[in-house]
Peer 1: 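I'd like to ask some things about the structure below.
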Amino acid sequence: MTERLAHDRHGGGPDWPAAIDVAAIVTDTVASRGHNLVTRPTGRAVREAIEQRLTPMSPSPFVMLIDFTRVRILDFSCADEVVAKLLLRYHGPDRPGNIFFLFRAVDEMHRHAVEEVLARHGLAAVCDVGGGFQLLGPATPEERKAWDTLERCERIRPRDLAGALGELGEPLLRGLARRRLAYWSGNGGAAALSALARTR
Amino acid sequence: MRVVEIPSSLDYRNVDTVFAEAAAAGAEPVLFDARRLRWIDPNGMLALLCAGQVASANGATARLSLPAGGDVVGYLDRMGFPAAAARVFRGSPQRAVRPPSRESDVLLEITPIATNSDVHEVVDRVQSRAGAILSRTLRYPLAAVVQFSVILSEVCQNIVEHADGPGWVAAQRYNWTRRLGRQVLVIGVSDVGRGFRDSLAEEHAERFGDRWGDVTALEAAFLMGLTRFPDTGRGQGIQQIRKQVARWQGLVSIRSGTARIADSPSWHPSPPVVDGLPRFPGAQINLVLPERIDD
């Protein structure tokens with residue numbers, strides 16, 4: 001990956017939103033009184049609304065926060081659509097945009113549903129579960145350790161890579177970047193997605 | 001006219017007697033005589049509605065006689081049974097649903113489920129009452145209302161996504177003093193759709209070959225998480241319901257075709273699979289969540 005993140009390029013940040021309030025989309029999509037994200041058609045409609053908002057994005061890589069803060073109930077069908085299928089859509093080389101995703105307010109109420117659907121698809125995601133960002137979903141112990149280190153350091157420069165993670169640091173971080181769980185920059189360094197979101 | 005005698009007590013344990021007699025009626029007019037009814041749970045009420053619906057679908061005129069008085073009449077009113085029955089049984093008097101009082105044992109009146117909007121409506125509606133019953137009566141953690149809502153959503157979606165037919169959901173709290181010595185919440189979900197075997201047949205019957213039947217279809221959905229959709233993300237609903245109900249040491253059973261499959265807790269020993277039951281064309285899901293006891 002040799003591009004620079006859109007955040008880096010635009011000093012004051014781009015015009016498009018860097019966070020999407022899922023509850024607001026639920027309100028626009030269905031007449032749910034309590035911001036309850038239930039049923040598969042609702043999940044599909046919410047995912048499509050999110051994808052629509054992502055369409056005008058620049059081809060440059062970008063970190064997008066999917067914010068569940070005001071969502072009360074998240075059932076498995078909706079978690080599958082709004083988390084797993086959204087990630088799958090932007091995972092492969094034919095993705096419609098170069099977007100990395102963070103998820104917020106996936107606390108204990110939502111965490112179980114999100115972990116189950118991620119596991120079902122063999123996906124992992126970076127989620128703010130109340131006490132900071134965590135890596136949810138299946139990952140090897142080595143991947144988790146590398147991700148934790150990067151999250152703690154926020155950024156790792158090329159010259160610090162071996163010291164921080166040993167000889168396997170580079171392939172591990174490249175692997176995390178391929179899984180869209182970290183950003184691997186063209187100069188051989190890496191950045192945590194949460195750090196990129198904070199610097200916007 | 002065939003008369004189907006409804007037992008004085010009708011719940012998830014004996015609803016098959018109703019299905020058996022209703023199925024035997026064929027296109028003959030049928031009267032469901034429930035005048036001796038003294039006690040009924042959500043599964044019993046939904047079974048009556050399903051049996052009436054099946055009789056009507058067979059071309060029969062279905063009628064229902066309810067008790068003239070007694071506690072059960074007030075209970076049926078609170079659960080909205082007369083209103084639901086009026087849409088199924090000919091000549092059934094429609095009475096207004098009495099809104100449950102704050103202290104009512106009714107968690108969810110009989111509610112038709114046909115679309116996803118109905119599922120949203122149910123989930124939105126039960127929040128405050130479910131919170132009170134789950135935390136105060138069953139002594140579950142406060143967060144349990146969210147898990148319960150997810151379960152409710154998933155079981156109701158089963159009707160919309162897989163039954164291709166109308167269905168109902170109802171939930172009620174009971175004090176099972178003699179049976180269990182604890183309070184329980186009983187949730188019944190029934191439809192008269194195409195059932196698990198038919199729903200899964202196109203996608204899965206071929207690979208099961210001669211073994212394909214009601215039991216195999218229920219095992220495929222209940223144990224293996226298979227659905228009629230090839231999508232990997234499907235089929236989690238029932239699996240997650242089983243996991244959560246097991247955490248609460250509850251009972252979950254599904255009745256479809258001639259079979260029943262269940263996850264039974266220690267307080268309700270029963271075979272995991274039963275076959276050879278009277279044919280029931282749709283699906284009936286029964287959940288019993290018991291009061292938490294301290295370890």
Side-chain angles (χ1 to χ4, degrees), chain A residues 23 25-47 68 70-89 91 105-123 125 129-130 137-138, chain B residues 113-131 134 140-162 167 169 224-248:
Chain A
I25 295 180
V26 174
T27 305
D28 291 345
T29 309
V30 290
S32 174
R33 291 193 298 265
H35 291 152
N36 296 323
L37 196 38
V38 297
T39 80
R40 188 164 291 275
T42 298
R44 190 181 304 125
V46 167
R47 174 175 53 78
F68 286 89
R70 297 190 303 124
V71 170
R72 180 168 164 74
I73 312 289
L74 174 67
D75 73 7
F76 294 96
S77 307
C78 278
D80 186 59
E81 288 288 340
V82 182
V83 178
K85 288 208 165 51
L86 182 68
L87 288 173
L88 284 170
R89 181 94 173 93
H91 203 74
V106 185
D107 60 15
E108 287 306 319
M109 305 256 195
H110 301 151
R111 180 183 183 137
H112 178 59
V114 170
E115 284 187 314
E116 291 287 340
V117 301
L118 290 173
R120 186 116 176 171
H121 291 278
L123 293 167
V129 288
Chain B
I113 301 291
T115 66
N116 284 291
S117 299
D118 297 330
V119 182
H120 272 276
E121 173 65 25
V122 162
V123 171
D124 290 346
R125 184 145 46 98
V126 299
Q127 294 299 306
S128 59
R129 270 189 267 169
L134 291 169
Y140 289 3
L142 286 173
V145 68
V146 174
Q147 291 146 343
F148 174 78
S149 301
V150 170
I151 285 179
L152 199 56
S153 166
E154 298 290 352
V155 287
C156 291
Q157 282 181 72
N158 189 69
I159 296 173
V160 178
E161 296 245 320
H162 304 286
V169 59
M224 299 159 66
L226 299 183
T227 77
R228 65 179 162 134
F229 302 101
D231 179 350
T232 316
R234 299 290 188 127
Q236 296 175 82
I238 290 175
Q239 302 303 305
Q240 298 305 330
I241 290 166
R242 292 179 62 208
K243 281 187 192 175
Q244 187 57 56
V245 171
R247 283 187 203 108
W248 287 330

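Numbers restart at 1 for each chain; the letters A, B, ... are given by sequence-line order, proteins then strands. These values consider heavy atoms only, across backbone and side chains, with no hydrogens, waters or symmetry-generated copies.
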Peer 1: First locate atom CZ of R120(A), then atom CD of Q236(B), and finally report the distance between them rounded to the nearest 0.5 Å.
Peer 2: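 Rounded to the nearest 0.5 Å, the CZ-CD separation comes out at 4.5 Å.
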Peer 1: In Å and rounded to the nearest 0.5 Å, what is the OG1 to CD distance from T39(A) to E161(B)?
Peer 2: 8.0 Å
Peer 1: When rounded to the nearest 0.5 angstrom, what is the spacing between CD1 in I73(A) and OG in S153(B)?
Peer 2: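 One gets 9.0 Å once the value is rounded to the nearest 0.5 Å.
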Peer 1: Does any backbone or side-chain atom of Q157(B) lie under 4.5 Å from a heavy atom of chain A? Answer side chain, backbone, both or neither.
Peer 2: side chain
Peer 1: What part of H112(A) gets within 4.5 angstrom of chain B, counting heavy atoms only: side chain, backbone, both, or neither?
Peer 2: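 For H112(A), the side chain is the part near chain B, not the backbone.
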Peer 1: Considering only heavy atoms, which portion of L74(A) lies under 4.5 Å from any heavy atom of chain B: side chain, backbone, both, or neither?
Peer 2: backbone
Peer 1: Taking the side chain as every heavy atom from C-beta outward, state whether K85(A) and D231(B) have any atom pair closer than 4.5 Å.
Peer 2: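 Contact flag for K85(A)/D231(B) side chains = yes.
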Peer 1: Counting only non-hydrogen atoms closer than 4.5 Å, can you tell me which residues of residues 237-245 of chain B sit against chain A?
Peer 2: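 Residues of residues 237-245 of chain B touching chain A at under 4.5 Å: Q240(B), K243(B).
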Peer 1: Enter the distance from T42(A):OG1 to N116(B):CG here, rounded to the nearest 0.5 Å.
Peer 2: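 Reported to 0.5 Å precision, the distance equals 6.0 Å.
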Peer 1: Checking Q147(B) against chain A: side chain, backbone, both or neither under 4.5 Å from a heavy atom?
Peer 2: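 Contact with chain A: none, neither part.
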Peer 1: Please step through side-chain contact (heavy atoms from CB on, under 4.5 Å) for the pair R40(A) and V119(B), ending with a clear verdict.
Peer 2: CA-CA 11 Å; R40(A) 188 164 291 275; V119(B) 182; over 6 Å; no
Peer 1: Output all residues satisfying salt bridge (Lys or Arg N to Asp or Glu O under 4.0 Å) with R228(B), sequence neighbours left out; order by chain, then residue number.
Peer 2: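 Checked R228(B) against salt bridge (Lys or Arg N to Asp or Glu O under 4.0 Å); matches are D164(B).
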Peer 1: For H120(B) and N36(A), work out which heavy atoms get closest and say how close.
Peer 2: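 For H120(B) versus N36(A), the nearest heavy atoms are CE1-O, 3.5 Å.
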